[in-house]
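A short write-up of the structure that comes next.
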Number of protein chains: 2
Amino acid sequence: MSKESRVGIADVAARAGVSITTVSHVLSGRRPVSDRTKAKVLQVVDDLGYRPDPSARGLRTGRSQAVALVVSDVTNPFYPLMAAGLQEVLQPEGFLISVCVAQGTTQDLDSVVRHLIDRRVDGIVMAALSAEERHFADITAAGASLVRLSGDLDPRFGDIVRADDTGGMADMVAHLLDRGYRRIGLVNGDLNTPPGRLRLAGYRRAFREFGLEVDESLVTSGPFTRSGGALGARALLDLDEPPRALVCGNDLMAVGALDAVREKGLSVPGDVAVTGYDDIEASSLLSPGLTTVHNPAFEIGRACARIFLDRLAGEASDGGVREVVLPQKLIIREST
Amino acid sequence: MSKESRVGIADVAARAGVSITTVSHVLSGRRPVSDRTKAKVLQVVDDLGYRPDPSARGLRTGRSQAVALVVSDVTNPFYPLMAAGLQEVLQPEGFLISVCVAQGTTQDLDSVVRHLIDRRVDGIVMAALSAEERHFADITAAGASLVRLSGDLDPRFGDIVRADDTGGMADMVAHLLDRGYRRIGLVNGDLNTPPGRLRLAGYRRAFREFGLEVDESLVTSGPFTRSGGALGARALLDLDEPPRALVCGNDLMAVGALDAVREKGLSVPGDVAVTGYDDIEASSLLSPGLTTVHNPAFEIGRACARIFLDRLAGEASDGGVREVVLPQKLIIREST
DNA sequence: CTGTTAGCGCTTTCAC
DNA sequence: GTGAAAGCGCTAACAG
């Protein structure tokens with residue numbers, strides 16, 4: 001049923017009439033090989049269906065040809081998409097992509113990170129909220145490449161790939177300003193988080209670019225949850241002169257805002273426009289469909305992958321770290 | 001910054017004053033070791049923080065201590081949850097869990113499966129829709145354990161872990177019958193798929209258990225999509241004597257059914273009750289919240305994990321294959 | 001441009 | 001109950 005045993009590099013060498021070394025170098029390209037020999041070897045590799053054993057290679061090189069994506073929130077559909085982006089780029093290069101879940105506590109994350117380091121993964125995308133500096137330091141100290149999805153650039157803590165939250169939110173608010181809205185409330189999430197801060201900055205930026213002042217009484221913030229959104233929205237709708245549009249920190253908050261609007265007997269977008277952020281699946285399933293900003297999860301995954309490839313190629317590269325910022329896309333549906 | 005080199009089995013052996021062999025056996029338990037020696041070794045292992053190198057072990061044993069979950073639809077939140085279940089059980093045992101995406105074509109799946117086999121993963125949970133018998137056969141032939149999430153039991157194709165779709169749907173319909181509904185329409189998905197068939201069977205079973213006849217004119221089926229649901233719902237609502245409840249094949253179809261009900265100017269659940277299936281995130285975010293059936297994704301993951309553990313322990317176990325069927329849970333919200 | 005050879009860190013006969 | 005030693009399949013000095 002299966003092949004007799006398994007074809008190894010020695011089989012290829014024998015059949016191609018060259019040494020094992022040569023086969024190895026044809027495959028790795030780490031030293032020049034005559035075109036004729038190279039062609040012959042590749043031919044045999046193909047005929048025999050030879051694929052190098054990752055364990056053996058790993059044992060020799062100390063690398064595993066594997067990268068991991070560490071997440072804390074399994075239910076966030078952002079991550080699977082990102083994993084798909086990683087895989088699209090990395091799998092053809094022979095990498096295995098693992099998605100590791102570190103729910104809740106920092107201890108979980110400790111053990112996940114340790115496990116990954118023990119396995120000598122070549123790269124880690126750290127997307128777990130509970131990640132701390134010591135995790136970053138451990139990872140880079142172990143020689144693995146690290147990519148984070150937010151935070152400040154620090155040479156000890158690897159590269160960063162993130163979406164342009166500020167730009168995305170600015171686009172959203174500009175979209176409303178374009179449509180003539182002026183009293184635009186911000187139902188923002190937690191300002192202690194990077195997204196909270198960056199999205200607020202985008203809100204301000206849009207007004208500035210339109211030469212308008214921000215009415216600070218229309219700016220609220222709270223937890224990034226449905227009830228957080230309802231709370232913020234209620235506060236704004238109860239004002240003497242309520243806003244005509246509610247820009248929310250994320251889609252969940254927008255759902256809460258919709259709840260609040262409905263409570264007041266108002267209609268969307270007739271009486272008040274509502275916008276979300278993230279473009280979770282539900283945002284297209286609600287009625288009215290939620291105008292929101294799409295986070296380019298897939299593209300972020302690909303960008304992370306490319307960073308890994310660069311890092312692994314240019315061994316011991318420059319000490320510098322990079323930040324890649326990807327644009328976000330406005331998705332206009334019926335809620336505005 | 002990092003430890004000097006890395007602690008290997010030889011370091012442990014030296015410090016414990018025993019041979020490498022003994023350390024290995026203490027760790028694997030594959031041959032008796034005196035309690036005294038064992039304690040000493042374990043002590044040193046702990047002191048030194050020794051963790052065996054997976055590559056070296058893999059090279060020797062031909063196993064990788066890794067299992068993979070292969071999916072085709074990245075956006076389905078079911079899979080990440082399942083992955084979390086797998087990981088909860090397998091990570092403490094030292095396994096790495098990889099989630100592999102095989103979007104679309106069968107060729108993608110071919111290459112993913114080949115990659116996984118090349119890497120000698122110990123087990124694969126095949127959740128990709130495009131999977132065919134040849135993939136199953138390749139996997140088992142390569143010596144990896146296979147778990148599928150649906151289909152018929154076949155000794156060549158590994159074990160099956162699945163949710164009890166029939167029971168779940170029967171519970172759902174019984175819930176409506178309990179509430180006095182009698183004209184209950186079924187807006188089912190594709191009958192060429194296992195879920196389509198099983199859920200239809202559940203619908204019938206509930207009526208049978210209540211001693212009632214199924215009105216075949218109230219049974220429709222179509223694609224498992226929002227528009228499929230709208231189509232089926234419209235057809236039923238246009239009947240001379242329309243049903244008072246619409247039981248849908250999945251949550252997406254239920255969203256379509258809600259669209260259709262709204263079009264007709266009817267209210268939910270006042271005029272007509274609507275139910276979904278799967279409990280996707282959106283079902284709690286809609287208004288009214290969707291009554292649905294929750295698929296125990298996490299538990300399914302754990303069940304798969306346990307199967308792997310069994311298979312890997314009892315080497316060359318009985319030729320028999322197992323089917324594990326897990327109960328589903330009715331989630332009652334506002335739509336009924 | 002090509003080949004010989006010494007291990008990478010572990011498991012597992014085989015021997016005591 | 002314990003050890004010595006032979007590799008697993010590959011890469012990378014080191015030599016031509």
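Fair warning: this is a prediction, and the values are worked out from it, not measured in the lab. Each chain gets a letter, A, B and so on, in the order the sequences are listed, and its residues count up from 1.
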For this session: Give the rounded distance in Å between these two atoms: NZ of B:K38 and C1' of D:dT2.
Result: 14 Å
Seminar exercise, completed: In short, side-chain hydrogen bond (donor to acceptor under 3.5 Å, both in side chains) pairs touching residues 8-21 of chain A with sequence neighbours left out are A:S19-A:T22
Exercise. Taking only residues two or more places apart in sequence or in another chain, which ones pass side-chain contact (heavy atoms from CB on, under 4.5 Å) with B:P80?
Worked result: A:V74, A:P80
Exercise. Excluding sequence neighbours, so at least two apart, what forms side-chain contact (heavy atoms from CB on, under 4.5 Å) with A:R51?
Worked result: B:R114, B:D118
Problem set entry | Where protein sits on nucleotides 10-16 of chain D, one letter per nucleotide: B base, S sugar-phosphate only, - none, heavy atoms under 4.0 Å | BBBBB--
Problem set entry | Listed partners of B:N295 passing side-chain hydrogen bond (donor to acceptor under 3.5 Å, both in side chains), at least two apart | B:Q328
Exercise. What pairs meet the side-chain hydrogen bond (donor to acceptor under 3.5 Å, both in side chains) rule with one or both residues in residues 144-153 of chain A, with sequence neighbours excluded?
Worked result: none
Using distance only, find each side-chain donor-acceptor pair of residues 36-45 of chain A under 3.5 Å and give its atom names and separation, not counting sequence neighbours.
unit_1 : atom_1 : unit_2 : atom_2 : d
A:T37  : OG1    : A:S34  : OG     : 2.5
A:Q43  : NE2    : A:D47  : OD1    : 2.9
A:Q43  : NE2    : A:D47  : OD2    : 3.4

Exercise. Mapping B:V18 and B:R120 to their closest nucleotides on DNA chain D, which lands nearer the 5' end?
Worked result: B:V18
For this session: Note down the inter-axis angle between the two ends of the helix from C:dC1-D:dG16 to C:dC16-D:dG1, five pairs each, to the nearest 10°.
Result: 30°
Validation: residues 81-93 of chain A side-chain donor-acceptor distances under 3.5 Å, sequence neighbours left out:
unit_1 : atom_1 : unit_2 : atom_2 : d
A:Q87  : OE1    : B:V101 : N      : 2.9
A:Q87  : NE2    : B:V101 : O      : 2.7
A:E88  : OE1    : A:R302 : NH1    : 3.3
A:Q91  : OE1    : B:H115 : ND1    : 3.3

For this session: Heavy atoms only: give me the nearest A:L146-A:F308 pair and the separation to one decimal.
Result: N-CE2, 4.4 Å
Problem set entry | Sugar-phosphate only, base, or nothing, as touched by A:S55 at under 4.0 Å among non-hydrogen atoms | nothing
For this session: Check the distance between D:dT2's P and B:K40's NZ and give it to me in whole angstrom.
Result: 14 Å
Seminar exercise, completed: Among the nucleotides C:dG3, D:dG3, D:dC8, whichever has the atom closest to the side chain of A:T22 is C:dG3
